[in-house]
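Down below is the structure, laid out as structure tokens.
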Amino acid sequence: MKRISIIIALSALLVACVSDPMEKPVQEQRPTSKIVNPNITPAKGSLLVKLNEGADSAILGEIAGVDINVKPLFQSKTRATASSIDCWYILSFDESIDVRDVAERIASHSSIRKVEYEIIFEQPDSYRAAKPTNRPEPTRSVEYPFNDPELPWQWHYNNDGSLSDDSKAGADINLLNAWKYTTGDNRVIVAVIDGGIMAEHPDLKDNMWVNEAEKNGLTGVDDDNNGYIDDIYGWNCVTDNGQITADAHGTHVAGTISAVNNNGFAVCGIAGGTGNGDGVRLMSIQIFEGTKGCLTNQIAKGIKYAADNGAVIANNSWGFNYDAYYSDGEYRTSVGVIQEAIEYFKSSTNLESVLEGGLMIFAAGNDSVDYANYPGAYNSNLCVAAMAPNYTPAFYTNYGPGTNISAPGGDATYGTIMAVSSTSVEHAYSDGYEYMHGTSMATPHVSGCAALALSYALKQGYHFTANELTNIMLTSVHDINKYMTGSRKYYDYKSGKYLSMQLAPYKNMMGTGYIDAHKLLMQMDGTPCLYFTTGDVAYLSLNELFGGGAEDITYKGVEISNSVREALGINSTPTIEQGKLKILCTKPGIGRIKIKAIAGDTLIGSDNITGGMLMEREFEIVARGSIAANGGWL
């Protein structure tokens, strides 16, 4: 998760200013009340200003009292209907001039809606684990669907517990089972708002979003008339041009979402397709470059660019400092253009056939504090905490209020291979991958699952609003609270020692649970799932399928195909005892089962008798593996 320091900088917008139905009518305001973040240390030489409806931007030069350069904050307006966000402008002036004096003069004019100082978001080095000199060979308990050599070590996709004594089977996103339904769709575009993606990386290049008009057009010309010149793979908001600079953090994040699958190289991406050009597309929105921080206006520009150029999901592994804001109200009144850009993205419909609106997904932060960082913590933004490979919270993760869901983020406390393996800039042309951990790594797991969900929606012909899909995601989880007992070790990098962290404070504080990609797809289908472990006879309650009186219903039998029997190693027909399905599977996997029962009697009504109605329920059984006593995989 990228931290931020509080400093400040720019912002602005387009020509015609219109009212926003979400904003209250303009009332007479004291000048200082128009400055949304007056208590920070402003960055020098720039201001962000929002005009009232119908105001002329020419007035800004007249009221500033100094020589200023006035530009619309955003370079294009591609929506048919203008938005209030188009009323933001960026004012630039000599850094020797007192920015507060300029802000107060401008705020005093009746044409001004808001004035915002800029904040500098600094990019610290991400935690990059040194590559291990040797690794345990993963057990071959599962037949992997793709030939990418690193896939068996991507425990965060499929964890059989064999890579480490500290790794627990099932602490993953259950991706292999989800891949049986979809692996991605190239009509889905995910914006990675981060450091730049290494577009030429062998494991990413075929899944990059490409602006074909610019790629095949003239250098230095806005060939597609979107307001941006030579924006082939996205936009570099730091340098304000189309030259994306490869960044380790942004490239690693991108690989988790959509590294190319089945290309015989490096890693797999959650929605990376099958190696046939069918992975979701990655749009690079670069807000960090090298050691340079980025400004408020640059983040806002990046978010709007993504919305205006087709992205339906935005991955945001960045945020404000953990102590920047302590309530939604404080955040809402202190952050102007960034949250407006976020809302603009969420109101954009770029995949009209399946999704109304867009999804913004944020990291909770890596400060080990009991509340999430903003913007993720804001009640309408989706915020991700990090889970370790044993169901416990990663030692660094923020948690508590503002946290909505958990996903694997890695935890190198348990060894390098227990961090997250994804694409690397440093090793791009050798083995292609490296290990990192952080909520920055957990967040693309959720973004990748969302991309997989939209790919499945395209396949099935489903349609959701962004809120509907978010709600499905938040309930496509497993309970993490039952693991919040006792303590666990972690490595304290400051003291250089292993310490102990109590788990009880994390109970009910890690969101709704940890996400399951397969369960997400099944919930989209409306197909219930029953989960159990291989190798042991399972008794699964049918209350979810047939209601609270399941044990009193008369059942007519269980239907299961021969292909499912073979796939799951079911050697005897499942039976129903006292409202529970009795089943034994010897192989991990998934399969559909149908149960028939009688509603209203013990017999079905016929010509000769009055009786009940035949009812059928089909559901998916999900068998996850377990470790045998000898360490082998069952």
Side-chain angles (χ1 to χ4, degrees), residues 1-2 123 125-126 128 184 186 188-212 214-215 228 230-261 263 265-273 277 279-290 292 294 298-299 301-303 305-307 309-318 360-361 363 420-429 432-436 438 440-441 443-448 450-451:
M1 162 87 175
K2 295 178 178 164
Q123 180 189 20
D125 291 334
S126 301
R128 302 170 70 182
N186 59 21
V188 177
I189 301 171
V190 181
V192 178
I193 302 176
D194 206 299
I197 300 173
M198 187 178 192
E200 69 275 17
H201 192 291
D203 221 12
L204 295 173
K205 62 181 182 179
D206 290 340
N207 280 350
M208 290 299 297
W209 172 78
V210 177
N211 185 340
E212 295 291 348
E214 296 290 345
K215 181 179 180 180
Y228 299 85
D230 299 337
D231 54 322
I232 297 174
Y233 300 112
W235 194 249
N236 186 330
C237 301
V238 181
T239 58
D240 204 25
N241 60 43
Q243 298 300 310
I244 304 297
T245 305
D247 173 78
H249 188 278
T251 297
H252 194 276
V253 165
T256 297
I257 298 168
S258 191
V260 178
N261 297 335
N263 63 350
F265 182 72
V267 298
C268 281
I270 293 170
V280 304
R281 293 304 186 239
L282 297 162
M283 177 188 289
S284 186
I285 304 297
Q286 183 162 1
I287 61 171
F288 297 102
E289 181 170 351
K292 297 177 183 177
C294 72
Q298 294 164 345
I299 293 176
K301 282 181 182 178
I303 294 171
Y305 176 96
N309 289 278
V312 290
I313 300 167
N315 187 93
N316 299 273
S317 292
W318 57 271
M360 294 285 291
I361 302 170
V420 169
S421 180
S422 188
T423 40
S424 168
V425 293
E426 184 176 342
H427 304 282
Y429 301 106
Y433 71 93
E434 69 176 320
Y435 287 97
M436 294 187 185
S440 286
M441 282 65 250
T443 305
H445 280 81
V446 176
S447 296

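A distance-only check finds no donor-acceptor pair linking the side chain of Asp206 to the backbone of Gly277 [under 3.5 Å]. At least one donor-acceptor pair closer than 3.5 Å links the side chain of Thr251 to the backbone N or O of Met198.
Side-chain contact between Ile257 and Leu282 is present, with heavy atoms from C-beta onward closer than 4.5 Å. Under the 4.5 Å side-chain criterion, counting only non-hydrogen atoms from C-beta, Met441 is in contact with His249. Between Met283 and Val190 there is no side-chain heavy-atom pair separated by less than 4.5 Å. With a 4.5 Å cut-off on side-chain heavy atoms, Gln286 and Tyr233 do not count as touching. Looking at heavy atoms from C-beta onward, Arg281 lies in side-chain contact with Asn207 at the 4.5 angstrom threshold. Contact annotation: the side chain of Val312 approaches that of Val188 to within less than 4.5 Å [non-hydrogen atoms, C-beta and beyond].
In this structure, Cys237 and Ile285 approach most closely via the heavy-atom pair SG-CG2, 4.1 Å. For the pair Glu434 and Ala248, the tightest heavy-atom approach, listed with the atom from each and the gap, is OE2-CB, 4.3 Å. The nearest pair of heavy atoms linking Ala259 to Cys268 is CB-C, 3.9 Å. Between Ile287 and Cys294, the shortest heavy-atom distance links the atoms O-CB, 2.7 Å. Between Val267 and Ser421, the shortest heavy-atom distance links the atoms CG1-OG, 3.7 Å.
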Under the criterion side-chain contact (heavy atoms from CB on, under 4.5 Å), I'd like the reasoning laid out for His252 against Val420: C-alpha separation, chi angles, the key distance, then a yes or no.
CA-CA 9 Å; His252 194 276; Val420 169; 3.9 Å; yes
side-chain contact (heavy atoms from CB on, under 4.5 Å) for Asp247 and Val425? Distances and angles first, verdict last.
CA-CA 7 Å; Asp247 173 78; Val425 293; over 6 Å; no
Determine whether His445 and Thr256 satisfy the following criterion, side-chain contact (heavy atoms from CB on, under 4.5 Å), listing intermediate values before the conclusion.
CA-CA 7 Å; His445 280 81; Thr256 297; 3.7 Å; yes
Verify side-chain contact (heavy atoms from CB on, under 4.5 Å) between Asn236 and Glu289, making sure each step is shown before the conclusion.
CA-CA 9 Å; Asn236 186 330; Glu289 181 170 351; 3.1 Å; yes
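Under the 30°/60° scheme for interplanar angles, the aromatic rings of Tyr305 and Trp235 are found to lie parallel.
Distance OG1/Thr239 to CD1/Ile244: 7.5 Å, rounded to 0.5 Å.
Looking at residues two or more places apart in sequence or on another chain, you find no salt bridge (Lys or Arg N to Asp or Glu O under 4.0 Å) involving Glu200. Taking the side chain to side chain donor-acceptor pair (under 3.5 Å) definition, one finds that Asn315 meets it with Ser317, Ser447, sequence neighbours left out. Under the side-chain contact (heavy atoms from CB on, under 4.5 Å) criterion, Gln243 pairs with Asn241, not counting sequence neighbours.
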